[in-house]
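Here is the structure we will look at, set down as C-alpha cells.
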Protein chains: 2
Amino acid sequence: MNIEPELCQVDDALDIIVGKWKPIILLHLMKNGTMRFNELKRSIPKITQKMLTKHLRELEEEDIIQRVVFPQVPPKVEYSITEYGRSLEKILVEMHEWGTRHRLHKMEKVEKR
Amino acid sequence: MNIEPELCQVDDALDIIVGKWKPIILLHLMKNGTMRFNELKRSIPKITQKMLTKHLRELEEEDIIQRVVFPQVPPKVEYSITEYGRSLEKILVEMHEWGTRHRLHKMEKVEKR
DNA sequence: CGGCATCCCTTTTGATACTG
DNA sequence: CAGTATCAAAAGGGATGCCG
C-alpha cells in the first residue's frame with residue numbers, strides 16, 4: 001500500500017460507478033454492445049424511467065457511455081460504452097469476483113454458529 | 001465481459017467500501033497497521049466521531065477490520081485490517097489509479113473548450 | 001478516551017402523471 | 001419511444017450534548 005490517504009482518489013472512481021443501478025446498466029452495455037433505452041429498461045425490470053435516464057445522463061457526462069439520437073418518429077436513442085469507458089471493465093470484473101467470494105465468506109461465518 | 005448482469009455481485013463489494021469516509025479509513029489502516037480511535041480521528045480531521053464509529057462498526061461487521069478493546073481507564077481501542085480485509089487492497093489501489101487517470105481525462109476535456 | 005443518543009438537514013430514490 | 005415534472009419517502013450524513 002503506497003497510496004497517501006490524503007491524496008486518495010478512490011472516491012473519484014466511486015463517484016462514477018456508485019448509484020443504485022449503475023453497475024448493472026454498465027454490465028448490460030458491456031455485454032450487449034449497443035442498446036436502446038427501452039431495451040435497457042426491459043432488461044432491468046425494477047428500474048424506473050427516471051432513474052434510468054438520470055444514471056445514463058451521468059455516465060454520459062463522464063464519457064463512460066455514448067448517447068446517439070436518431071431524429072425520427074417514433075424516437076430512437078442508442079447507448080453504448082465508449083472506448084474510454086471500457087477502462088472500467090477490469091475494475092467491475094474484480095469487484096464482482098470479490099463480491100462473489102465475500103458472499104461465500106459470510107455464509108461460512110453464519111454456518112459456524 | 002462474461003458476467004451475467006442478472007447475477008451481478010458488484011454491489012456486494014460496493015456495499016463494503018461505499019460510505020463517505022470508508023476508503024480513507026481503510027487506506028490509513030492499510031498504511032499504518034494498527035491505529036487507535038483518536039489517532040484515526042486526528043488523521044481525518046473533518047470526520048465526526050459519529051461517522052467514524054459507524055463506519056468502523058460496519059467494516060468490523062464485514063470482517064474487514066478488527067477491533068480490540070483494552071479494558072483499562074482511560075479506555076484504549078485499537079483497529080487494524082484483518083488478513084481477509086487485505087483482499088480489498090488490490091481493488092482500492094486500482095480504483096485510486098483509475099480515479100487519478102480520470103481526473104486527467106476530465107482536465108483535458110475542459111482544456112479543449 | 002471512545003463512545004452513544006437525539007435532532008435536523010441534504011441527497012438519493014421511488015411513484016405517478018404527462019408529453020413531443 | 002424516450003423522455004419531463006412533481007411530490008413523497010427513505011437513506012446518508014452532520015451538530016451537539018451526555019456518559020462510563
Side-chain angles (χ1 to χ4, degrees), chain A residues 5 8 10-26 28-29 32-62 64-81, chain B residues 5 8 10-26 28-29 32-62 64-81:
Chain A
C8 160
V10 172
D11 288 341
D12 292 73
L14 283 176
D15 285 346
I16 310 299
I17 56 178
V18 168
K20 183 156 176 184
W21 310 95
K22 277 186 191 173
I24 197 169
I25 290 171
L26 290 173
H28 274 290
L29 290 176
N32 298 330
T34 297
M35 293 180 80
R36 294 181 62 170
F37 184 87
N38 267 356
E39 195 179 352
L40 272 165
K41 177 89 178 60
R42 280 191 302 274
S43 302
I44 311 172
K46 293 188 178 175
I47 198 173
T48 60
Q49 282 186 326
K50 176 184 164 184
M51 288 313 295
L52 181 54
T53 303
K54 178 168 178 277
H55 283 166
L56 288 170
R57 288 291 186 286
E58 290 168 359
L59 291 168
E60 185 194 7
E61 175 64 23
E62 299 293 338
I64 308 300
I65 66 174
Q66 192 183 14
R67 177 173 182 263
V68 179
V69 180
F70 296 83
Q72 61 188 42
V73 180
K76 172 177 168 180
V77 181
E78 286 187 346
Y79 293 92
S80 58
I81 304 283
Chain B
C8 162
V10 171
D11 289 340
D12 292 72
L14 283 177
D15 285 346
I16 310 299
I17 55 179
V18 167
K20 184 157 176 185
W21 309 96
K22 276 187 191 172
I24 198 168
I25 289 172
L26 290 173
H28 274 291
L29 291 175
N32 298 331
T34 296
M35 293 179 78
R36 295 182 62 171
F37 184 87
N38 269 354
E39 195 180 352
L40 272 166
K41 177 91 178 57
R42 280 192 301 275
S43 301
I44 311 172
K46 293 187 178 177
I47 198 173
T48 60
Q49 281 187 326
K50 175 185 164 183
M51 288 313 296
L52 182 52
T53 302
K54 178 166 178 276
H55 284 167
L56 288 170
R57 289 291 187 282
E58 291 167 358
L59 291 168
E60 184 194 7
E61 175 64 21
E62 300 292 339
I64 308 301
I65 66 173
Q66 191 183 14
R67 178 172 183 263
V68 180
V69 180
F70 295 82
Q72 60 187 44
V73 180
K76 172 177 168 180
V77 181
E78 285 186 347
Y79 294 92
S80 58
I81 303 284

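Here is how names work: the chains are called A, B, and so on, in the same order as the sequence lines, proteins then strands, and each is numbered from 1.
Summary of the strand contacts: A/Pro74 and A/Thr53 both lie near DNA chain D, and taking for each the nucleotide with the nearest heavy atom, the more 5' one is attributed to A/Pro74. Annotation: of the two residues near DNA chain C, A/Val18 and B/Arg67, the 5′-most nearest-nucleotide partner is B/Arg67.
When the side-chain nitrogen and oxygen atoms of A/His55 are compared with OP1 and OP2 of C/dT13, one or more of them lie within a distance under 4.0 Å. Phosphate proximity of D/dT4 to A/Arg57: present, with a side-chain N or O under 4.0 Å from OP1 or OP2. Put simply, A/Arg36 has no side-chain N or O that comes within less than 4.0 Å of OP1 or OP2 on D/dC1.
The minimum heavy-atom distance between B/Leu40 and B/His28, with the atom names listed, is CD2-CB, 4.0 Å. Between A/Gln72 and A/Lys76, the shortest heavy-atom contact is NE2-CB, 3.6 Å.
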Can you give me the N/O atom pairs linking the protein to nucleotides 18-20 of chain C at distances under 3.5 Å, or say none if there are none?
none

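Closest to the side chain of B/Thr48, from the set D/dG14, D/dA2, D/dG3, is D/dG14.
Under the 4.5 Å side-chain criterion, counting only non-hydrogen atoms from C-beta, A/Leu59 is not in contact with A/Tyr79.
Among pairs with a residue in residues 43-54 of chain B, those fulfilling salt bridge (charged side-chain N to carboxylate O under 4.0 Å, His left out) read B/Lys54-B/Glu58, at least two apart in sequence or across chains.
Atom pair A/Lys50:NZ and D/dA9:C1' shows a separation of 11 Å (rounding to whole Å applied).
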